[in-house]
A.B. asks: 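I have a structure here, written as structure tokens, and I will follow up with some questions on it.
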Amino acid sequence: MKGWARFDRSRPAMGSLLLLALVSSARPVSAQSPRCELGWVEAIEQALDANQALIAARQTLEAQHKDIAIARSAMLPNIGAGSTAQISEGPTFSSTVGLIPERTINAVGTVSWTLYNHADIDSLGAQKHLYESQQQSYQVSRVNTTAAAAQSYLSVLLQQALLLVQELNLDLTQESLEVTRAQEGAGAVPYREVLRWEAQSFADRQSIATQQGSLLSSRFGLNQIRNRPAEEICTLEEVTVEEHGFFFSSEGVTEAIRSETQAELARDYLVTLGLSRSPILRSLDAQIHAEWRRKKSTRRWMIPSLSGGAGAAAFLLTGGEGADQQPAGSVFWRLGLQLDWTVLDGGYYIASMNQAKASFGSLQWQRENQATALEQEIRSTAAVAMKAFAVIELAEQRLETAKQNHELVNEAYLDGATSFLDVVDAQQLLLSANIAARQAVYEFLSALLSLEQTMAYYPFFESDADARVRELEATLRN
């Protein structure tokens, strides 16, 4: 850490030594952990591939896909086979094979299948739509995991930037401390001025220690969502507005949306894009189609179902009374069709039809409500992102002003024309402006991520992202 070598230990106190030990122990020791190079998109891809919650969601989706095969099985032939050994007091009689001797061993094979059943057909169709809905629900999980990984990555970058700011601030304090010591040695200032700067130095080190803790916490969060060792330390690639700012990377767009009228047009465009891509709306659409199949099925309750069956039985061994009439090796077969027609069901199908109709209507209203809520959310997150982008320029202007102010005050302090409090005040203004400038960039990127999450559109994964930006530019020009 910068500035430690110049720290004066000529008058150590027990509290000072304790604080020094605490700050030193808070430093991460990179030699104890493997170091890697990690880019933003790479971190997100790792999370999508290895995140435990997403893996569980994929397994659940795979299990749900089997529901289609289960529904289809009702329409496929069933084949059965069996064997029976029987002994009785005397011969018995069966309606299918006739006389059965006292002692028999036989083998039986059967085949049955549903030739037509509207309920089975509609159930299969509905299940396919339900699986499509479940696929879209999984896509929601992917969208959320992408956002969580990206936000975690940005959090680590922000904490690193803030730590650097705190370290630079300590450097300024150390420089002032050295100057004050020299002045005190020459008799120009009293020793209390040196003590003031030493106290400020300790306060700056406390801030650094706190910031190091925040950095470690953010790093643990990023590693957790990537399913990596918690203590893994990676060198992160910087994320810039120019490369990952989506349409904010276009000067034509950013200049246009300074006008609230143009900003509204841009939000309209984003709403259209988000509504067309929303996995939540697609999931509801699939559920509506599934419910429509169920409703359709309940309306056809009077259509008969047709099934067929075939079977064969063979006496492998016979003995006792009746064996002469039914010798071993006798084979019997049957083939039949069955038509089932429900005439009276106690009102079950009518009630089911009304229930399906109500459920269908409910899902339609849910879809409308979700679309309205999604439009409002896209507009809100877009407005926040636009204002956050504007704040970056203001924060940069604030930082430049704070730098000039600090330079002037520091020169005056060196000339003896101002006091310690004025320098500390100028340095604190510079520190807060520096922090605000870093936060402005990452808060904008975070707001943009929230917008992209709401729209389910991440430009770094989309091949048409540049075309979308050009399309928005054309929309704002017209």
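Because the structure is predicted, anything quoted here is derived from the model rather than measured.
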A.B. asks: For the side chain of N478 and the backbone of A474, is there at least one donor-acceptor N/O pair under 3.5 Å apart?
C.D. replies: yes
A.B. asks: Q151 side chain to S446 main-chain N or O, any donor-acceptor pair under 3.5 Å?
C.D. replies: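 Yes; judged by distance alone, with no hydrogens or angles, the pair exists.
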A.B. asks: Mind running side chain to side chain contact (heavy atoms under 4.5 Å, CB included) on Y458 and V143 for me, showing each step along the way?
C.D. replies: CA-CA 9 Å; Y458 293 108; V143 167; 3.6 Å; yes
A.B. asks: Could you tell me if S432 and R398 have a donor-acceptor pair between their side chains, going purely by distance under 3.5 Å?
C.D. replies: yes
A.B. asks: Considering only NZ, NE, NH1 and NH2 on the basic side and carboxylate oxygens on the acidic side, decide whether E452 and R468 come within less than 4.0 Å.
C.D. replies: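 Salt bridge absent between E452 and R468.
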A.B. asks: Would you check if there is a donor-acceptor pair between the side chains of S133 and Q287 at a distance under 3.5 Å?
C.D. replies: yes
A.B. asks: Any chance the side chains of N227 and N51 put a donor and an acceptor closer than 3.5 Å?
C.D. replies: no
A.B. asks: Checking Q397 against E400 for the side chain to side chain contact (heavy atoms under 4.5 Å, CB included) test, could you report, in this order, the C-alpha distance in whole Å, the side-chain angles of both residues, the deciding distance, and whether it holds?
C.D. replies: CA-CA 5 Å; Q397 294 172 350; E400 186 60 32; 5.8 Å; no
A.B. asks: Around atom CD of E251, are there more than 12 heavy atoms from other residues, nucleotides or ligands closer than 6.0 Å?
C.D. replies: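 Atom CD in E251 is not crowded, with 12 or fewer foreign heavy atoms closer than 6.0 Å.
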A.B. asks: Could you tell me whether the side chains of Q376 and S380 share a donor-acceptor contact shorter than 3.5 Å?
C.D. replies: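 Yes.
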A.B. asks: For the side chain of S73 and the backbone of I70, is there at least one donor-acceptor N/O pair under 3.5 Å apart?
C.D. replies: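 A pair under 3.5 Å: yes.
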A.B. asks: For atom CD of Q428, decide whether the heavy atoms of other residues, nucleotides or ligands shown that lie under 6.0 angstrom number more than 12.
C.D. replies: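 Atom CD in Q428 is crowded, with more than 12 foreign heavy atoms closer than 6.0 Å.
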A.B. asks: Would you call R379-E375 a salt bridge at under 4.0 Å N-O?
C.D. replies: yes
A.B. asks: Looking at every heavy atom in both R277 and R282, which two are closest together, and how far apart are they?
C.D. replies: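 Scanning both residues, the minimum pair turns out to be CA-NH2, 3.8 Å.
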A.B. asks: What's the separation between atom CG in L445 and atom CG in L154, rounded to the nearest 0.5 Å?
C.D. replies: 5.5 Å
A.B. asks: Roughly how far, to the nearest 0.5 Å, is the CD1 atom of I378 from the CG atom of L273?
C.D. replies: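 If we round to the nearest 0.5 Å, L273:CG and I378:CD1 are 7.5 Å apart.
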A.B. asks: Return the minimal non-hydrogen interatomic distance between L157 and E237, and the atom names on each side.
C.D. replies: CD1-O, 3.8 Å
A.B. asks: For residues V140 and I280, determine if any side-chain heavy atom of one lies less than 4.5 Å from a side-chain heavy atom of the other.
C.D. replies: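 The answer is yes, as the side chains (C-beta and beyond) meet within the 4.5 Å cut-off.
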A.B. asks: Can you confirm whether K128 sits close enough to R72 that some side-chain heavy atom of one is under 4.5 Å from a side-chain heavy atom of the other?
C.D. replies: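 Result yes, sub-4.5 Å side-chain heavy-atom pair found.
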A.B. asks: Is H118 atom NE2 crowded by more than 12 heavy atoms from other residues, nucleotides or ligands, each under 6.0 Å away?
C.D. replies: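 Buried by this count: over 12 neighbours within 6.0 Å.
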A.B. asks: With side chains defined as the heavy atoms from C-beta onward, is the minimum distance between Y413 and T180 less than 4.5 Å?
C.D. replies: yes
A.B. asks: Please give me the minimum heavy-atom distance between L38 and C234, naming the atom from each residue.
C.D. replies: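 Closest heavy-atom pair between L38 and C234: CB-CB, 3.9 Å.
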A.B. asks: Any luck finding a side-chain donor-acceptor pair between S201 and Q174 under 3.5 Å?
C.D. replies: yes
A.B. asks: Of all heavy-atom pairs between Y153 and L222, which one has the smallest distance, and what is that distance?
C.D. replies: N-CD1, 3.9 Å
A.B. asks: Taking C-beta and beyond as the side chain, do Q166 and R205 meet within less than 4.5 Å on heavy atoms?
C.D. replies: no
A.B. asks: Checking E393 against R258 for the salt bridge (Lys or Arg N to Asp or Glu O under 4.0 Å) test, could you report, in this order, the C-alpha distance in whole Å, the side-chain angles of both residues, the deciding distance, and whether it holds?
C.D. replies: CA-CA 13 Å; E393 183 178 353; R258 291 178 183 271; 3.3 Å; yes
A.B. asks: Going by an N to O cut-off under 4.0 Å, is there a salt bridge joining R367 and D285?
C.D. replies: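 Looking at D285 together with R367, the answer is yes, because their closest N to O distance falls below 4.0 Å.
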A.B. asks: Verify whether the ring centers belonging to F246 and F248 lie closer than 6.0 Å.
C.D. replies: no
A.B. asks: Rounded to the nearest 0.5 Å, what separates atom OG in S141 from atom CD1 in I55?
C.D. replies: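 Taking OG in S141 and CD1 in I55, the distance rounds to 13.0 Å.
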A.B. asks: Is a side-chain N or O of S278 found less than 3.5 angstrom from the main chain of G274, in a donor-acceptor match?
C.D. replies: no
A.B. asks: Quick one, I233 with R219, criterion side chain to side chain contact (heavy atoms under 4.5 Å, CB included). Give me CA distance, side-chain angles, the key distance, then yes/no.
C.D. replies: CA-CA 8 Å; I233 301 175; R219 183 181 296 151; 3.8 Å; yes
A.B. asks: Do T381 and V384 have side chains that get closer than 4.5 Å, going by heavy atoms?
C.D. replies: no
A.B. asks: Looking at F461, I want to see if its CZ is surrounded by more than 12 non-hydrogen atoms of other residues, nucleotides or ligands under 6.0 Å.
C.D. replies: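 Atom CZ in F461 is crowded, with more than 12 foreign heavy atoms closer than 6.0 Å.
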A.B. asks: What is the distance from atom CG of L472 to atom CD of Q262, rounded to the nearest 0.5 Å?
C.D. replies: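 Interatomic distance, L472 CG to Q262 CD, rounded to 0.5 Å: 9.5 Å.
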A.B. asks: Is S249 reaching over with its side chain to a backbone N or O of E242, donor-acceptor style, under 3.5 angstrom?
C.D. replies: yes
A.B. asks: So, E473 and R470, do they make that salt bridge, N to O below 4.0 Å?
C.D. replies: no
A.B. asks: Working to the nearest 0.5 Å, report the span between OG1 of T254 and CZ of F247.
C.D. replies: 10.0 Å
A.B. asks: Got a salt bridge between E264 and R267, using NZ or NE/NH1/NH2 to carboxylate O under 4.0 Å?
C.D. replies: no
A.B. asks: So, E471 and Y269: side-chain donor and acceptor under 3.5 Å apart, yes or no?
C.D. replies: yes
A.B. asks: Is F389 close to V241 at the side-chain level, that is, under 4.5 Å between some pair of heavy atoms?
C.D. replies: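 Yes, side chains in contact.
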A.B. asks: To the nearest 0.5 Å, what is the distance between CG on L162 and CG on N434?
C.D. replies: 9.5 Å
A.B. asks: Please check: side-chain N/O of T454 versus main-chain N/O of S450, any donor-acceptor pairing under 3.5 Å?
C.D. replies: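 Side chain of T454 to backbone of S450, a donor-acceptor pair under 3.5 Å: yes, one is there.
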A.B. asks: I'd like to know if the side chain of T240 and the backbone of E243 have a donor-acceptor N/O pair within less than 3.5 Å.
C.D. replies: yes
A.B. asks: Check whether N223 reaches the backbone of E232 with its side chain - one donor and one acceptor, N or O, closer than 3.5 Å.
C.D. replies: yes
A.B. asks: Please tell me if the side chains of F460 and I44 come closer than 4.5 Å, counting only heavy atoms from C-beta onward.
C.D. replies: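 The answer is yes; the side chains approach within 4.5 Å.
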A.B. asks: Can you name the closest pair of heavy atoms from Q370 and L284 and give their distance?
C.D. replies: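 That closest heavy-atom pairing would be CB-CD1, 3.8 Å.
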A.B. asks: Would you check if there is a donor-acceptor pair between the side chains of Q366 and S362 at a distance under 3.5 Å?
C.D. replies: yes
A.B. asks: Please lay out, stage by stage, how Y138 and L54 fare under the test side chain to side chain contact (heavy atoms under 4.5 Å, CB included).
C.D. replies: CA-CA 8 Å; Y138 171 72; L54 202 56; 3.9 Å; yes
A.B. asks: If you compare all heavy atoms of S214 against all heavy atoms of Q159, which two are closest, and at what distance to 0.1 Å?
C.D. replies: CB-OE1, 3.3 Å
A.B. asks: Indicate whether any N or O donor in one side chain lies under 3.5 Å from an N or O acceptor in the other, for T173 and Q427.
C.D. replies: yes
A.B. asks: Is the shortest heavy-atom distance from the side chain of N410 to the side chain of S176 under 4.5 Å?
C.D. replies: yes
